Structure formats: C-alpha cells, structure tokens
Amino acid sequence: MKKGLRMKIVVSACLLGENCKYNGGNLFEKIAKIIEKGR
C-alpha cells in the first residue's frame, strides 16, 4: 500500500459479539477461538 492510504474493513455485527443470530446468540466466542489458534 502507498503511504497515506487507508483500508476500510467491514465486519459483521455477529462477529463482533452483537446478538443477531436466529437463536439470539453471536459468533464472538467461536471467532475468538479460531483467531487464538492462529487460523
């Protein structure tokens, strides 16, 4: 990337811990475990 350019990243609210799944839950813990393992 060139100096001064910024990249915008869109992340689902469910991945950030917002309860938006059909069952009232989210994916935060699942994603956190994947990131912790280094996948």
Side-chain angles (χ1 to χ4, degrees):
M1 285 183 114
K2 293 182 181 180
K3 187 175 180 179
L5 293 179
R6 293 184 181 200
M7 183 185 302
K8 292 183 180 182
I9 299 174
V10 177
V11 180
S12 164
C14 290
L15 297 178
L16 295 176
E18 188 70 29
N19 292 331
C20 60
K21 287 181 63 179
Y22 66 93
N23 63 0
N26 60 60
L27 299 172
F28 182 76
E29 288 184 29
K30 184 175 182 178
I31 297 300
K33 287 179 184 178
I34 291 171
I35 292 171
E36 189 175 90
K37 287 181 179 181
R39 289 187 176 183

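Values in this document were obtained by computation on a predicted structure and should not be read as measured data.
- Looking at residues two or more places apart in sequence or on another chain, you find a side-chain contact (heavy atoms from CB on, under 4.5 Å) between K21 and C14, N23, L27.
- No continuous path of ILVMFWY side-chain contacts below 4.5 Å connects I31 to V10, so the two sit in separate hydrophobic clusters.
- For A13 against C20, the heavy-atom pair with the smallest separation is C-SG, 4.3 Å.
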